[in-house]
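Just below is one structure, and these are the notes that go with it.
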Amino acid sequence: MNYFIFKTEPSGYSIDDLKRDKKTSWGGIRNYQARNILRDDVKVGDLVIIYHSSCEVPAAVGVANVLKTGYGDPSQFDKKSHYFDAGSKQNDPRWFAVAIAFTEKFKNPISLPAMRLESSLSNMRLLARGNRLSVFPISKRHFETIRTLGA
DNA sequence: GCCAACGTTGGC
DNA sequence: GCCAACGTTGGC
């Protein structure tokens with residue numbers, strides 16, 4: 001079992017949207033490092049911290065679980081989509097998505113500054129200077145710390 | 001809106 | 001393959 005953080009801008013898709021939808025296809029990722037993680041590392045049953053970025057209070061806001069491993073992100077083939085990629089082939093997709101389901105919404109979302117105050121989270125990638133990846137693994141210890149603080 | 005950090009692109 | 005220019009992310 002592996003653990004990840006997925007970032008999202010709540011103005012686009014929030015934990016409340018996921019709670020309402022119960023499950024969703026997590027795509028629109030156009031960064032090769034993140035793509036590789038979605039394609040190769042995210043497995044069914046893995047757990048994901050959902051993080052709200054670029055918003056009033058950037059924070060870890062809940063948990064999701066993985067329903068389906070990496071598949072070609074449909075939006076890359078949709079000419080009308082912002083994520084359309086003319087260079088990607090149906091039989092050899094360039095970009096990947098995974099399906100996730102809502103697990104829980106935190107009663108106590110943990111803001112970015114609050115996470116920085118937590119010494120046990122100090123070496124987490126989310127807090128690293130200049131980190132811009134929107135999908136990345138975290139340790140079981142970090143996952144459980146965040147889940148416990150948020151519950 | 002500013003700016004630091006990082007990724008991508010393209011000329012050479 | 002180097003590197004400058006440009007684009008994007010995301011906190012503040």
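Throughout, protein chains are lettered first and strands after them, A, B, ... in sequence-line order, and every chain is numbered starting at 1.
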Residue Lys43(A) excluded, over 12 heavy atoms near NZ under 6.0 Å
yes
Just wondering, are more than 12 heavy atoms of other shown residues or ligands nearer than 6.0 Å to CZ in Arg94(A)?
yes
Length of the [atom1]-[atom2] vector between [X] and [N], whole Å:
{"X": "Arg116(A)", "N": "dG10(C)", "atom1": "CZ", "atom2": "C1'", "answer": "11 Å"}
{"X": "Leu133(A)", "N": "dT9(C)", "atom1": "CG", "atom2": "C1'", "answer": "11 Å"}
{"X": "Ile5(A)", "N": "dG10(C)", "atom1": "CD1", "atom2": "C1'", "answer": "15 Å"}
{"X": "Lys7(A)", "N": "dG10(C)", "atom1": "NZ", "atom2": "C1'", "answer": "7 Å"}
{"X": "Leu112(A)", "N": "dC12(C)", "atom1": "CG", "atom2": "C1'", "answer": "11 Å"}
{"X": "Gln33(A)", "N": "dT8(C)", "atom1": "CD", "atom2": "C1'", "answer": "15 Å"}
{"X": "Asp85(A)", "N": "dT8(B)", "atom1": "CG", "atom2": "P", "answer": "13 Å"}
{"X": "Tyr32(A)", "N": "dT9(B)", "atom1": "OH", "atom2": "C1'", "answer": "11 Å"}

Test of understanding: clusters of I, L, V, M, F, W, Y form through side-chain heavy atoms closer than 4.5 Å, transitively. Do Leu127(A) and Ile110(A) belong to the same one?
yes
Would you kindly confirm whether Val98(A) and Tyr83(A) end up in one hydrophobic cluster when ILVMFWY residues are joined by side chain heavy atoms under 4.5 Å apart?
no
Criterion side chain to side chain contact (heavy atoms under 4.5 Å, CB included) against His52(A), the qualifying member of Val61(A), Val57(A), Leu112(A)
Val61(A)
Is the distance between the ring centroids of Phe6(A) and Trp26(A) less than 6.0 Å?
yes
Residues from residues 47-55 of chain A sitting under 4.0 Å of DNA chain C, heavy atoms only?
Tyr51(A), Ser53(A), Ser54(A)
Pi-cation contact, Tyr71(A) with Lys68(A) (under 6.0 Å, within 45°):
yes
Answer yes or no: is there a donor N or O on one side and an acceptor on the other, between the side chain of His142(A) and the main chain of Ser120(A), under 3.5 Å?
yes
Side-chain H-bond candidate by donor/acceptor type, Arg30(A) with Ser75(A), under 3.5 Å:
yes
Distances for protein N or O near nucleotides 3-7 of chain C N or O, under 3.5 Å:
none

